[in-house]
Amino acid sequence: VRPAEPADAAELAALHAAAFPAGEAWGEVALRRMLDLPGSWALLLPGRGFVLARLAAGEGEILTLAVTPKARRQGVARALLQACLVQAMALGAEAMFLEVAEANTAARGLYEGCGFSGRARRRGYYGPGRDALLLALDLRKTSRP
Ligand SMILES: CC(C)(COP(=O)(O)OP(=O)(O)OC[C@H]1O[C@@H](n2cnc3c(N)ncnc32)[C@H](O)[C@@H]1OP(=O)(O)O)[C@@H](O)C(=O)NCCC(=O)NCCS
């Protein structure tokens, strides 16, 4: 796992397109802009996956996490998420938040296994009848993610 730079935006876009359904994938330009935002960072496992996060006022947010279908169920997402949480703590984050589709059992299993728990439901966030769950992790109570 290594930090991703704006120059990696094309690789991140290819990974995102492989991981998400057509229409939900984020493009290279959008990803480069996100990497350029103050407080954002990304960690990359080339050819397998990446995580993109952002920190503002002590609160971190996982913006996206993608693992290619071929690389799944090998602990790639867990390794990326744990490295991301370590970096968030090093940057001074007190809590981490993210939104996940209620129906996304793979992602929910990952996040809940890393200690995230539900804070709120956002009805229709991903379209009619497709709710998002807002999950949070209190990093002040976490010694080692
Ligand atoms: C969700 C995603 C990132 C998981 O990546 P992964 O590398 O396969 O996950 P890991 O191998 O690290 O799995 C970690 C844990 O997540 C859970 N998990 C992962 N895939 C799962 C699945 N298909 N079904 C149920 N639980 C699953 C399990 O608890 C797993 O632990 P275990 O293997 O010890 O049982 C991947 O499936 C993906 O990219 N999906 C599409 C994009 C997406 O939904 N991103 C998250 C949006 S918030």
Side-chain angles (χ1 to χ4, degrees), residues 1-6 8-37 39-56 58-91 93-139 141-145:
V1 175
R2 67 164 174 86
E5 310 294 334
D8 294 310
E11 159 120 34
L12 301 194
L15 291 168
H16 210 264
F20 283 88
E24 289 179 29
W26 296 358
E28 181 182 343
V29 173
L31 283 160
R32 188 177 297 110
R33 276 202 201 112
M34 286 186 231
L35 287 168
D36 276 332
L37 289 173
S40 79
W41 76 94
L43 298 169
L44 170 66
L45 197 58
R48 303 205 198 160
F50 76 97
V51 60
L52 172 64
R54 190 179 180 196
L55 178 68
E59 290 191 348
E61 186 182 8
I62 308 281
L63 298 175
T64 195
L65 169 62
V67 173
T68 61
K70 270 201 267 178
R72 286 182 191 162
R73 294 316 296 260
Q74 298 163 36
V76 171
R78 188 185 285 117
L80 287 166
L81 182 59
Q82 286 176 345
C84 183
L85 295 174
V86 166
Q87 185 152 355
M89 290 172 83
L91 292 169
E94 296 186 344
M96 224 45 204
F97 294 87
L98 61 91
E99 264 120 15
V100 62
E102 185 176 32
N104 192 344
T105 48
R108 287 181 60 189
L110 165 74
Y111 294 131
E112 283 158 18
C114 287
F116 281 84
S117 60
R119 283 289 173 84
R121 172 184 296 268
R122 303 206 194 285
R123 287 197 194 280
Y125 187 84
Y126 296 107
R130 297 174 62 209
D131 295 353
L133 301 176
L134 174 69
L135 305 186
L137 175 66
D138 188 342
L139 293 172
K141 295 184 192 151
T142 310
S143 54
R144 217 162 41 116

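Counting starts at 1 for both ligands and their atoms, following the listed order.
Counting only heavy atoms from C-beta outward, the side chains of Leu137 and Cys114 never approach each other to under 4.5 Å. Proximity of Met34 to Arg54: side-chain heavy atoms (C-beta onward) are nowhere separated by under 4.5 Å.
The immediate protein surroundings of ligand 1, defined as residues with any heavy atom under 4.0 Å of it, consist of Ala19, Phe20, Leu65, Ala66, Val67, Arg72, Arg73, Gln74, Gly75, Val76, Ala77, Arg78, Glu99, Asn104, Ala106, Ala107, Gly109, Leu110, Tyr111.
Between Leu45 and Val1, the closest heavy-atom pair is CD1-N, 3.5 Å.
By the salt bridge (charged side-chain N to carboxylate O under 4.0 Å, His left out) test, Arg2 pairs with Asp8, sequence neighbours left out.
Of the options Val51, Leu52, Leu91, a side chain to side chain contact (heavy atoms under 4.5 Å, CB included) to Trp41 is made by Leu91 and by none of the others.
More than 12 non-hydrogen atoms from other residues, nucleotides or ligands lie less than 6.0 angstrom from CZ of Arg72.
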